[in-house]
Amino acid sequence: AQKVTQAQTEISVVEKEDVTLDCVYETRDTTYYLFWYKQPPSGELVFLIRRNSFDEQNEISGRYSWNFQKSTSSFNFTITASQVVDSAVYFCALIFFNTGFQKLVFGTGTRLLVSP
Amino acid sequence: EAQVTQNPRYLITVTGKKLTVTCSQNMNHEYMSWYRQDPGLGLRQIYYSMNVEVTDKGDVPEGYKVSRKEKRNFPLILESPSPNQTSLYFCASSPRDTSTDTQYFGPGTRLTVL
């Protein structure tokens with residue numbers, strides 16, 4: 001079965017702490033894509049990153065970094081020096097190819113609370 | 001501005017009263033999709049459309065209908081809403097299929113069915 005697991009329901013940190021959000025996925029496909037989306041309190045979904053299954057290079061974008069490890073089927077997201085504005089629900093998602101075209105499957109989300 | 005719009009943003013209705021949530025994108029995207037978001041369940045796909053007149057069921061299609069008569073619009077229709085359809089709904093679009101293209105989401109529609 002194609003599945004995304006975000007075991008951390010909620011994480012609370014104090015500003016400037018580093019925090020890692022875990023994402024573990026299951027898929028039988030060899031070609032797939034992984035995504036992270038942010039949902040701030042205002043409710044919209046903001047795209048953060050896309051990674052394909054053939055590219056295991058880690059990526060850094062400012063205070064954000066992503067660690068993709070196929071060996072453990074994980075695509076973890078780290079925020080360095082967290083800020084109050086990082087408070088949001090973060091979703092990990094997987095696209096796999098089902099009968100010739102894509103299907104996007106989301107994890108249940110991790111709520112991050114960053115306090116001053 | 002490139003965007004996906006949804007209307008209404010908030011809706012309270014009663015069981016059985018037909019309603020339509022509109023979705024429109026101005027990016028000439030081929031692919032559009034509807035999701036519902038429920039606490040503890042994340043987002044689940046309701047229906048999707050690969051192009052005009054091409055639609056298919058997602059994971060939770062029961063109780064919903066869609067149509068894609070124009071490329072830019074993808075309305076979600078609840079013929080006879082029930083309380084278990086109370087949820088936050090998102091429309092999304094992407095240029096082609098989402099294998100290489102990112103899905104862009106609308107602002108969401110919060111629906112309450114009494």
Side-chain angles (χ1 to χ4, degrees), chain A residues 1-10 21-27 29-55 59 61 88-111, chain B residues 1-6 8-11 23 25 27 29-51 54-61 87-112:
Chain A
Q2 323 282 0
K3 186 180 176 182
V4 175
T5 300
Q6 295 180 257
Q8 303 153 308
T9 305
E10 185 169 308
L21 310 182
D22 297 333
C23 173
V24 175
Y25 62 92
E26 297 175 30
T27 178
D29 293 338
T30 56
T31 302
Y32 51 89
Y33 289 75
L34 294 161
F35 296 76
W36 277 95
Y37 283 87
K38 174 182 180 179
Q39 186 177 44
S42 51
E44 73 272 23
L45 284 162
V46 178
F47 165 75
L48 295 178
I49 190 172
R50 176 183 66 241
R51 171 68 71 224
N52 75 56
S53 53
F54 299 107
D55 182 2
E59 181 153 341
S61 176
V89 179
Y90 291 86
F91 290 98
C92 181
L94 164 72
I95 279 180
F96 62 95
F97 291 91
N98 184 25
T99 63
F101 52 86
Q102 44 37 55
K103 180 176 172 60
L104 184 61
V105 175
F106 283 84
T108 53
T110 296
R111 182 178 299 278
Chain B
E1 180 189 353
Q3 61 182 350
V4 179
T5 56
Q6 295 178 227
R9 295 288 313 279
Y10 303 90
L11 179 60
C23 173
Q25 48 91 7
M27 297 169 278
H29 285 173
E30 292 184 2
Y31 180 90
M32 298 185 75
S33 182
W34 276 102
Y35 297 87
R36 61 177 288 173
Q37 181 182 356
D38 301 291
L41 297 176
L43 281 84
R44 295 176 293 168
Q45 190 177 53
I46 303 171
Y47 269 95
Y48 61 92
S49 170
M50 301 294 287
N51 213 325
V54 180
T55 64
D56 207 347
K57 297 176 181 178
D59 292 319
V60 287
S87 187
L88 177 59
Y89 292 86
F90 287 98
C91 180
S93 73
S94 66
R96 293 183 302 279
D97 64 62
T98 53
S99 59
T100 55
D101 298 326
T102 301
Q103 287 196 44
Y104 295 92
F105 286 81
T109 295
R110 188 166 294 279
L111 172 65
T112 301

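Residue numbers start from 1 in every chain, and the chains themselves are labelled A, B, ... in the order their sequence lines are given, proteins ahead of strands.
Across every non-hydrogen atom of B:Leu43 and A:Leu45, the tightest pair is CD2-CD1, 3.5 Å. Of all heavy-atom pairs spanning B:Gln37 and A:Phe91, the tightest one is NE2-CZ, 3.4 Å.
Between A:Gln39 and B:Phe90, the closest side-chain pair of non-hydrogen atoms falls below 4.5 Å.
Counting heavy atoms of neighbouring residues, nucleotides and ligands inside a 6.0 Å radius, atom CZ of B:Arg44 exceeds 12 of them. Within a 6.0 Å sphere centred on CZ of A:Arg51, other residues, nucleotides and ligands contribute more than 12 heavy atoms. Annotation: A:Phe54, atom CZ; neighbour count of heavy atoms from other residues, nucleotides and ligands within 6.0 Å is above 12.
Atoms CZ and OH, on A:Phe106 and B:Tyr35 in that order, are 5.5 Å from each other to the nearest 0.5 Å.
Neither the backbone nor the side chain of B:Asp38 has a heavy atom closer than 4.5 Å to any heavy atom of chain A.
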